Asker: 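Have a look at the structure that comes next, please.
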Amino acid sequence: MDEHLRVNPILCDAFGHCAELLPELITVDEWGYPIVDDGPVPHELRPAARRAVAACPRLALALERRPKVA
């Protein structure tokens with residue numbers, strides 16, 4: 001199972017904390033909303049991804065486990 005980042009666009013208020021904490025996988029659009037890399041979170045970035053999820057004030061960012069694609 002791989003871990004992937006997911007943003008709930010309804011909950012997100014574009015604070016940008018996630019992109020500051022994890023710029024390797026998250027960028028922001030012109031309004032400040034996150035654009036998340038759809039690929040699996042690399043093992044070495046998982047601690048930073050967990051910090052970004054925990055720092056989201058609206059709980060709009062989540063790590064979800066998905067089956068590996070063969």
Side-chain angles (χ1 to χ4, degrees):
M1 297 286 272
D2 287 326
E3 290 185 325
H4 294 256
L5 288 168
R6 180 181 51 80
V7 175
N8 181 328
I10 295 171
L11 291 178
C12 182
D13 278 342
F15 287 108
H17 301 306
C18 58
E20 290 178 16
L21 292 169
L22 194 58
E24 299 89 348
L25 299 178
I26 303 172
T27 58
V28 292
D29 66 12
E30 60 268 20
W31 298 286
Y33 288 93
I35 300 169
V36 178
D37 186 323
D38 193 42
V41 176
H43 183 69
E44 64 274 6
L45 292 178
R46 287 182 184 171
R50 289 186 185 99
R51 279 193 300 276
V53 168
C56 181
R58 298 282 293 144
L59 305 177
L61 186 64
L63 266 174
E64 63 182 18
R65 294 177 64 89
R66 297 182 194 164
K68 287 187 180 187
V69 177

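What's counted below: heavy atoms across the whole structure, side chains too, no hydrogens, waters or symmetry copies. Owing to the predicted nature of the structure, the values given are computational and were not obtained by experimental measurement.
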Asker: So, does Asp13 use its side chain to make a donor-acceptor pair with the main chain of Phe15 at under 3.5 Å?
Answerer: no
Asker: Find out whether Val36 and Leu25 are in side-chain contact, i.e. whether some heavy atom of one side chain is under 4.5 Å from a heavy atom of the other.
Answerer: no
Asker: Quick one: pull up CD in Glu3 and CG in Leu63 and give me the separation to the nearest 0.5 Å.
Answerer: 5.0 Å
Asker: Does the side chain of Leu5 reach to within under 4.5 Å of the side chain of Leu22, using non-hydrogen atoms?
Answerer: yes
Asker: Please assess Ile35 against Ile26 for the test side-chain contact (heavy atoms from CB on, under 4.5 Å), listing each intermediate value before the final yes or no.
Answerer: CA-CA 6 Å; Ile35 300 169; Ile26 303 172; over 6 Å; no
Asker: Quick check: do Pro67 and Met1 have side-chain heavy atoms less than 4.5 Å from each other?
Answerer: yes
Asker: Could you tell me the separation between the CG atom of Leu61 and the CG atom of Leu59, rounded to the nearest 0.5 Å?
Answerer: 10.0 Å
Asker: Listed by chain and number, what are the side-chain hydrogen bond (donor to acceptor under 3.5 Å, both in side chains) partners of Glu64, not counting sequence neighbours?
Answerer: Arg6, Arg66
Asker: Show your reasoning for whether side-chain contact (heavy atoms from CB on, under 4.5 Å) applies to Asp2 and Val41.
Answerer: CA-CA 7 Å; Asp2 287 326; Val41 176; over 6 Å; no
Asker: If you define the side chain from C-beta out and look only at heavy atoms, does anything of Tyr33 sit under 4.5 Å from Cys12?
Answerer: yes
Asker: Are Val28 and Val53 linked, directly or through intermediate hydrophobic residues, by side-chain heavy-atom contacts shorter than 4.5 Å (ILVMFWY only)?
Answerer: no
Asker: A side-chain contact here means heavy atoms from C-beta on lying under 4.5 Å apart; do His17 and Arg51 qualify?
Answerer: no
Asker: Between His4 and Gly39 (side chain of the first, backbone of the second, donor and acceptor by atom type, cut-off under 3.5 Å), is there such a pair?
Answerer: yes
